[in-house]
Undergrad: 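Have a look at this one before I ask anything.
Basis for what follows: all heavy atoms, side chains included, without hydrogens, waters or symmetry-related copies. When a ligand or atom number is given, it counts from 1 through the structure's own listing order.
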Amino acid sequence: MPRVLLILGGGIAAYKALDVARELRRQGMDVTPVMTAAAKEFVTPLSLEVLCGSAVHDELFKAAQESQIGHIQLARSADAVVVCPATANLMARMAHGLADDLATTLLLATDAPILLAPAMNVHMWQHPATHNNVQTLQKRGVRFVGPVEGEMACGETGVGRLASIESIVDEAVKLLGRSSALSGRKVLVTAGPTREPIDPVRYISNHSSGLQGFAIAESLARLGASVTLVSGPVALSTPPGVLRVDVQTAEEMKVACLDALPADVAVCVAAVSDWRAESQHANKLKKTANGPPAISLVENPDILATLSQCTLRPTLVVGFAAETESVKDHARQKRQRKGCDWLLANDVSKYCFGGSRNQVHFFSDKEEEETWPEMDKKALAERLAERIAAFFAASV
Ligand code: C5P
């Protein structure tokens, strides 16, 4: 039975969480209720306990509750967390990583997907502070349902009402389905640039930020996959639940990738440097009267091609192609040449490295490619992850 942690914030809409609890249970979920101190001003723990068929957890250091199930265990055992209503205060504390009561501690300790159903006065919702907190949480992968427009308890009208019970429950069900779509699948993702040393202070590299690869690793992990992310040097934090292996050079990246096999899927997003200096100088190259030094280059291993052709080949191998001209023709040839299953090609003369948006053409074994609309790199990651989940769903 899927386990949902239902956290009630303190707002007038808290009474509606009783219906959410009832409906989640009716859909076959095990609902563990958690209340903030403020929530108890609006709803009695007893009502919630009766509807959930489970004791309310409300205190961080209450010995009786801790001895039953410790708060970390409570956070870790959930398959999804639903916060209803999510107040401005609760979201602000989440966005800043505070853990000053049981609810915020659980929200910080869990790695289950989180759904927030905000409800508050329209001005509180529209306040830049709340707006920034919502954006921060969305960037971390927290999902939102509502708020919706309408009349509020305070008499004002605008966006701030709790979403309908039905839509909150629907989103919770989706979240649970999503969190297991790739469970049991092992995925390897490469991201970022590689850095090929010339001497102890200089190197050959490129502008790759790692944003797209990291977003893909995050989306796949959110679908329940066990993800190894082999990353070149980037300034990004590791997505939750992802195992990260940091490398510098293409050779190191290749070794780390082969070490991560067997895997069901490999998604090669890294902008691997095609060449490296044939020999590295032990000391910093000096300027001389003879002019600049000649640096002789040798080819790096092609990791995507290696993974596509090795004996432990993942079932699905996906590559990316950054092109500056004849994007589609080059991409089609590249998919054939490297032997990968899918190839996503983008025009980097339009969508530069480091930007937050991307637009790709998707090539598979079908004759016609698909042109995906321009979107945020996170949205593209979600779409690709869903596509990978659908591929495996169709193959069982
Ligand atoms: O040949 P090109 O660099 O355009 O190919 C891009 C695709 O190949 C990307 O998926 C990239 O991660 C992968 N690649 C690789 N190893 C290389 C070069 C590219 O895995 N040495």
Undergrad: Below a 4.0 angstrom heavy-atom separation, can you tell me which part of Cys340, side chain or backbone, both or neither, approaches ligand 1?
TA: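 Neither part.
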Undergrad: Please answer whether the main-chain N or O of Ala163 pairs with a side-chain N or O of Ser167 as donor and acceptor at a distance below 3.5 Å.
TA: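 Judged by distance alone, no pair lies under 3.5 Å.
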Undergrad: Where's the contact between Lys334 and ligand 1, heavy-atom distance under 4.0 Å: side chain, backbone, both or neither?
TA: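 Answer for Lys334: side chain.
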Undergrad: Please write down residue, atom name and distance for the protein heavy atom closest to atom 13 (C) of ligand 1.
TA: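 Ranking protein heavy atoms by distance from atom 13 (C) of ligand 1, first comes Leu304 CB, 3.7 Å.
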Undergrad: For ligand 1, is there an atom lying under 4.0 Å from some heavy atom of Pro301?
TA: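 It does; at least one heavy atom falls under 4.0 Å.
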Undergrad: Atoms of ligand 1 less than 4.0 Å from Gly319 heavy atoms?
TA: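 Once the distances to Gly319 are compared, the set is 10 (O).
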Undergrad: Students often mix this up, so state it plainly: with edges at 30° and 60°, are the rings of Phe391 and Trp342 parallel, tilted or perpendicular?
TA: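 Perpendicular: the ring planes of Phe391 and Trp342 meet at over 60°.
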Undergrad: Between Glu218 and Arg140, does any side-chain N to carboxylate O distance fall below 4.0 Å?
TA: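 No.
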Undergrad: Can you check whether Phe320 has an N/O within less than 3.5 Å of an N/O in ligand 1?
TA: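 So ligand 1 has an N or O lying under 3.5 Å from an N or O of Phe320.
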Undergrad: At their closest point, which heavy atom of Met120 faces which heavy atom of Thr87, and how far apart are they?
TA: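 Taking Met120 first and Thr87 second, the nearest heavy atoms are CE-C, 3.9 Å.
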Undergrad: Do Lys338 and ligand 1 have an N or O pair less than 3.5 Å apart?
TA: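 Min N/O separation from ligand 1 is below 3.5 Å for Lys338.
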Undergrad: Under 4.0 Å between a Lys/Arg side-chain N and an Asp/Glu carboxylate O for Glu369 and Arg332?
TA: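 So Glu369 pairs with Arg332 through a salt bridge.
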Undergrad: If you measure from the Lys or Arg side-chain nitrogens to the Asp or Glu carboxylate oxygens, is any gap between Arg383 and Glu386 under 4.0 Å?
TA: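 Here Arg383 does not pair with Glu386 in a salt bridge, since their nearest N and O are not under 4.0 Å apart.
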Undergrad: Quick check on Asn300 - does any of its heavy atoms sit under 4.0 Å from an atom of ligand 1?
TA: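 No; Asn300 lies far enough from ligand 1 that no heavy-atom distance drops under 4.0 Å.
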Undergrad: Hey, does Ile303 come in under 3.5 Å of ligand 1, counting only N/O atoms on both sides?
TA: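 Yes, since at least one N or O of Ile303 sits under 3.5 Å from an N or O of ligand 1.
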Undergrad: For Cys268, take its heavy atoms, then give the atoms of ligand 1 lying under 4.0 Å from any of them.
TA: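 Within the 4.0 Å cut-off of Cys268, ligand 1 contributes 9 (C), 10 (O), 12 (O).
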Undergrad: Apply salt bridge (charged side-chain N to carboxylate O under 4.0 Å, His left out) to residues Arg25 and Asp30 and explain how you reach the verdict.
TA: CA-CA 6 Å; Arg25 281 195 79 201; Asp30 178 80; over 6 Å; no
Undergrad: Any N or O of Ala270 that comes nearer than 3.5 Å to an N or O of ligand 1?
TA: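 Checking ligand 1 against Ala270, an N or O pair does fall under 3.5 Å apart.
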Undergrad: Charged N to carboxylate O under 4.0 angstrom, Arg387 versus Glu370?
TA: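 Judged by the 4.0 Å cut-off on N to carboxylate O distance, Arg387 and Glu370 do form a salt bridge.
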Undergrad: Could you tell me whether Val272 and ligand 1 have an N or O pair separated by under 3.5 Å?
TA: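 For ligand 1, there is no N or O atom that lies under 3.5 Å from one belonging to Val272.
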Undergrad: Can you name the closest pair of heavy atoms from Thr315 and Asp341 and give their distance?
TA: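 Shortest heavy-atom contact: O-OD2, 3.6 Å.
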Undergrad: Nearest protein heavy-atom contact for atom 3 (O) of ligand 1: which residue, which atom, what distance?
TA: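 Residue, atom and distance for the closest contact: Asp274 OD1, 4.0 Å.
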